[in-house]
Amino acid sequence: TYFNGVSIEKWKKYTVIGELSITLSYQGDFLIRLCSKQMLHDEVMKKVLLNHEVHSDKEETITLSFGNADKGMLYFELVYLSDNSTLFGGYYSDEKIEKPIRDVKIGIDICTFKRERFVENNLMLLNKNIIQNPESPLYGHLEVFVSDNGKTLDLDKLSNEHIHMVQNKNTGGAGGFTRGLMEMIKDGNPTGVTHPLLMDDDIVIDTESMVKTYRILSLLKDEYKDAFIGGSMLRIDKQYMQVESGASWNAGSLVTNKGNLDMRNSWNCLFNEVEEYTEYNAWWYCCFPISVVSEENLPLPIFIRGDDLEYGIRNMEHLILMNGICVWHEPFENKYSSFLEYYIIRNRMIDNTYHFPNWGKKQLKRAVWGQWRRECKFYRYKNVDLHTQGVKDYLKGIDFLLETDGEKLHKEVMAAGYKAIPVEQTNVPFSYAVYDGSRHTHLSKLHNTVRKLTWNGYLLPAKHVRTVSMAQATLQSVWRAKTIMFYDVTSNKAFVCDRSWKQLISKFFKVLGLTIEIDMKYNKAKKSYLQRGNEIKNIKFWNRYLELDK
């Protein structure tokens with residue numbers, strides 16, 4: 001299974017593990033079957049390595065070896081041979097390894113903004129299962145650092161000897177996670193953290209993921225001692241569905257690995273172990289050596305979207321991903337925020353400056369006009385303004401980030417976007433049937449041709465009021481609409497946009513002016529980031545940016 005199988009190929013590749021054994025505590029009568037599974041194209045190949053019967057009228061412990069098996073996934077099966085037989089538990093081990101070869105201490109780094117319920121629950125689990133549990137392998141090997149950007153947590157109540165809480169200026173995920181890293185290395189790393197583990201605030205954790213991470217780190221071969229360990233993201237509503245396991249930047253057209261896999265399926269578990277090209281792991285769960293972190297090598301102050309990938313691309317050589325290391329997170333299709341249009345384009349430009357130098361003025365102008373076309377067809381004219389402002393702020397060069405108050409800027413960006421309100425407070429009558437129907441809109445080939453020729457119906461009279469998904473609306477579902485309600489089913493909130501030729505033309509000339517500005521300023525701005533990038537990555541800058549030097 002996803003959690004209980006052994007990814008033997010990765011354990012042997014990255015760690016000093018040799019011959020694997022399993023120890024089981026039982027009472028009664030069992031057939032114990034040791035097995036392996038491998039993936040071959042569309043088939044799962046099962047091999048039985050050992051059949052062994054046990055019989056006992058009292059609790060016994062037995063250890064069985066998998067021998068020299070080193071392919072695919074190793075696991076065991078139990079067949080009950082009599083009633084009242086009981087399995088008490090067990091573990092996998094390499095009997096020849098008496099103790100860890102590396103001294104490891106994990107420092108969990110959580111950045112939070114008004115997610116009290118999630119943070120308090122996760123801290124409770126960490127306290128119960130690890131920090132206050134002498135039986136945990138991680139006992140004495142874990143510190144937790146929480147940056148409270150919203151200043152809403154009870155620091156005195158939640159803090160203890162191993163949980164360190166600080167209030168932080170609201171400078172987004174970038175500022176919060178960086179503050180946690182700064183706390184770890186402050187005064188020469190007094191807590192002895194060897195590996196920061198960056199973790200989102202709105203996730204559900206399984207502390208066994210951290211135990212497995214610790215085990216891997218403590219047994220790493222020398223050639224992989226600087227490896228990153230990433231956790232996959234699974235859906236919080238369908239907890240068996242995987243959303244992502246590693247990704248690559250691709251100049252902003254993200255490539256997500258291993259998405260939409262049902263981890264109850266053996267073939268998917270085996271496919272999940274296939275190593276593909278990755279450039280970073282998102283900061284919902286990303287662990288790396290403290291040696292990466294220094295006063296001259298901190299993340300960029302870009303608030304949100306792109307901070308994790310930039311730091312990963314900058315510092316990561318090897319990424320270890322393994323079944324059973326994961327978190328549960330709300331799926332992205334249930335999350336839509338208009339203001340992100342600003343950060344997505346601005347930070348894409350910054351990240352490409354450092355890590356995709358062939359992406360230049362031509363590609364930027366194509367992206368700008370593509371966004372104008374798409375957002376205008378959805379009548380989301382404010383999003384065009386946000387996107388435009390993001391480009392303009394990049395064109396100001398690195399001095400913009402050096403001189404801007406990130407918290408104040410974020411308030412301005414938030415105010416410029418669309419605000420979702422309770423659906424009953426909108427001026428459009430809500431019908432769930434209309435909304436649900438929009439999710440399954442399929443136009444005929446003729447209608448699709450007409451739709452494209454008429455610029456999604458802009459050249460035809462508008463006659464419909466549409467209700468569509470806030471995060472997953474399609475152009476087909478809003479064709480010839482005069483009014484569009486963008487609805488979020490999880491919050492029962494919405495915002496409404498009306499078609500406007502005046503706004504369309506206004507945004508056209510705004511983007512036209514922006515393309516001229518790109519031609520004039522892009523090269524100079526890019527040069528400033530490349531030549532002076534270190535000015536926004538060091539401890540001196542971050543102390544001033546977070547107002548810690550006051």
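Residues H318 and D226 bring no donor and acceptor atom of their side chains to less than 3.5 Å of each other. The closest side-chain donor-acceptor pair between N347 and D307, if any, does not fall under 3.5 angstrom. Side-chain atoms of T63 and E95 form no donor-acceptor pair, as typed in the model, at a separation below 3.5 Å. Under 3.5 Å, the side chains of N250 and S248 contain no donor-acceptor pair of N or O atoms. No side-chain donor from either of H41 and E43 sits under 3.5 Å from a side-chain acceptor of the other. Side-chain contact, D262 with N268: no donor N or O sits under 3.5 Å from an acceptor N or O. Side-chain N/O atoms of T441 and S477 include no donor and acceptor closer than 3.5 Å. Side chains of Q476 and H442: no donor on one and acceptor on the other come within 3.5 Å.
The pair K225-D222 fails the salt-bridge criterion, with no side-chain N (NZ, NE, NH1 or NH2) lying under 4.0 Å from an Asp/Glu carboxylate O. For the pair R314 and E310, the salt-bridge criterion is met [side-chain N within less than 4.0 Å of a carboxylate O].
Using a 4.5 Å heavy-atom threshold, the side chains of E273 and K10 count as touching. R179 places a side-chain heavy atom less than 4.5 Å from the side chain of E183. Inter-residue side-chain proximity for T23 and Y91 is flagged as met; some heavy-atom pair is nearer than 4.5 Å. Residues M210 and I205 form a side-chain contact, since some pair of their non-hydrogen atoms from C-beta on lies under 4.5 Å apart.
Centroid-to-centroid, the aromatic rings of F88 and Y26 stay 6.0 Å apart or farther. Checked against the 6.0 Å centroid criterion, the rings of W283 and F177 qualify as a close aromatic pair. With ring centers used as reference points, Y214 lies under 6.0 Å from H141.
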Residue pair E19, S65: steps toward the side-chain hydrogen bond (donor to acceptor under 3.5 Å, both in side chains) verdict: CA-CA 7 Å; E19 185 176 301; S65 172; 2.6 Å; yes
Test log, rule side-chain hydrogen bond (donor to acceptor under 3.5 Å, both in side chains), inputs S82 and D29: CA-CA 6 Å; S82 65; D29 305 293; 2.6 Å; yes
Verdict with reasoning, Q27 to S56, per side-chain hydrogen bond (donor to acceptor under 3.5 Å, both in side chains): CA-CA 6 Å; Q27 179 177 325; S56 178; over 6 Å; no
Salt bridge (charged side-chain N to carboxylate O under 4.0 Å, His left out) assessment of D94 paired with K96: CA-CA 5 Å; D94 181 338; K96 294 181 180 179; over 6 Å; no
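K169 pairs by the salt bridge (charged side-chain N to carboxylate O under 4.0 Å, His left out) definition with D405, E547, not counting sequence neighbours. With sequence neighbours excluded, the residues that form a salt bridge (charged side-chain N to carboxylate O under 4.0 Å, His left out) with E276 are K258. In this structure I344 satisfies the side-chain contact (heavy atoms from CB on, under 4.5 Å) test together with R305, L340, sequence neighbours excluded.
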